Amino acid sequence: MTRKYLPLWVLALSLGLQSPAMAATAVPSNPVDLTYAAENAVNSVVYIKVTTNSKTQTIQYNGGSPFDFDDFFGDFFGRGNSGSQQRQIQTPKRSGAGSGVILSSDGYIVTNNHVVEDADEMTVKLNDNREFKARIIGTDKSTDLALIKIEATGLQAIKVGNSDNLKLGEWVLAIGNPFSLTSTVTAGIVSAKARSLNATPGSIDSFIQTDAAINPGNSGGALVNAKGELVGINAMLYSQTGSFSGYGFAIPTAIMNKVVDDLKKYGTVQRALLGISGMDVSSYIDSQKEKGKDVDFGTVNGIYVAEVSADGAAAEGGLKEGDILTAIDGKNIEKFGELQEILTNHRPGDKVNVTYIRDKKKHSATLTLRNVQGTTSAVQNLDTDAMGAALRPLTETEKKELNLSYGLMISALRDGKFKDAGLSKGLIIMKINDREMRTTTDFDEAVKAANLSSDRVLWIRAKTQTGINKSYAVELAEAKQATKKNSKK
């Protein structure tokens, strides 16, 4: 009988031994136990029920009825009614749900902006089935984060960890309420860091990518490490079906901490800007290759500076189009998501040291970061009550009498910015900064957008009830701020 012999290293493995080569790269013998993390974090994750009340909306269409087929074919062949018309529709009352994470024992909860942004009512249900009404402290669309508050004490706040310490392949848990299935825990690993998706224009993308199952309802829930520490807020999933199909994405706590702190202190996020636009160097090189061009920057990592704002921090520091940004304060930057994550942790007025490459030579500069208005001061949240006006949409009777299809009437006026600018009670506001004023929500959003712009002015087009057109400019900046700006040299 012929005997078969096994190699010595295989025999060693069967006996639980290691070869010399394997001993140098020993593999951990114990599997990761995630029960501790689940038990300690699950009671800090809440279920958020959101209700959006029925609203009246105006839709525009050509011709008679938006559902008139004769008119449709008339327009198609050039014989239909001309001009745009409007029709009001009543949207149904809607409800939705998501998740949130308790940050403090007195009821501060972080969640996603898209979970609560249209909420007229919010109910928070704890893991012990207690329910509380919630209010919004602040929201930030760019990072898709929101801070809400319930009036309660003695809550189990989650321990917040440092997302910068996460490693690829590290085990994580996603905790939330998918499909309204409360207190659901799924496990996976960190698949990637600083992932940019460019899903929404103007958004700040630097996600933790994980294969822990994330489904609708998980939004706003916790991504925790094996210690039960919060390392991310689950925000979205990648799917062609709407359900989990491999990857989910979470907002790292390195971003969350700063956003939450700003919303508490200022009511709005203090966003620090370099004053550049650009892309990953590797992406730029690939785009040039597609055009048949060969470029050599002396590096394939960093951020290619495609544009420098004339009044931004980068321009003041001497950066130019074509420079390659490689580090901030000594921290190497290889992807645009990493740059966004670093800047998110700064406020206007902070100084940073940037390293960049120009003509294959390394340079450095110290830049003073600025806000969206081009200054180094904190941006204050502007309450629309500061306008000093009570507004309401025109009634159907008023629209017929005044021959208007929309507008907001000033129903009451007190001391405030509107009165200072010369507006009066009974005036009908038609547009603000070229945005039609159909609802009070339109007004709130127009004021917020103007407050975060560089000029901070409301350009108002209005009508009197006798049909006379009026124009006004409402300065949102305080007088002392304007004086300071004018004295700058």
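Each residue takes its place number in the sequence, starting with 1. Since the model is a prediction, treat every value here as computed from it, not as a measurement.
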If you measure only the distance, is there a donor-acceptor pair under 3.5 Å linking the side chains of T35 and D33? yes
Take a 6.0 Å sphere around CG of D128 and say whether it holds more than 12 heavy atoms from other residues, nucleotides or ligands. yes
Any donor-acceptor N/O pair, D262 side chain to T268 backbone, under 3.5 Å: no
Check whether more than 12 heavy atoms from other residues, nucleotides or ligands sit under 6.0 Å from atom NZ of K49, and answer yes or no. no
Donor + acceptor pair across side chains of T52, D120 (<3.5 Å): no
Taking the six-membered ring of Y356 (Phe, Tyr or Trp), confirm whether the NZ or CZ of K362 is under 6.0 Å from its centre and within 45° of its axis. no
Cut-off 3.5 Å, side chains only: do D106 and S104 have a donor facing an acceptor? yes
Does the side chain of T51 come under 3.5 Å of the side chain of E121 through a donor N or O and an acceptor N or O? no
Between the side chain of D140 and the main-chain N/O of T143, is any donor-acceptor distance below 3.5 Å? yes
S219-H114 side chain donor-acceptor pair, cut-off 3.5 Å: yes
Judged by modelled atom types alone, do N371 and R271 share a side-chain donor-acceptor pair under 3.5 Å? no
Taking the six-membered ring for Trp, are Y304 and Y284 parallel (under 30°), tilted (30 to 60°) or perpendicular (over 60°)? parallel
Establish, from distance only, whether the side-chain atoms of T368 and K351 form a donor-acceptor pair under 3.5 Å. yes
State, without any angle test, whether N127 and N43 hold a side-chain donor-acceptor pair at a distance under 3.5 Å. yes
Inspect the surroundings of CZ in R435 and state if more than 12 heavy atoms from other residues, nucleotides or ligands are less than 6.0 Å away. yes
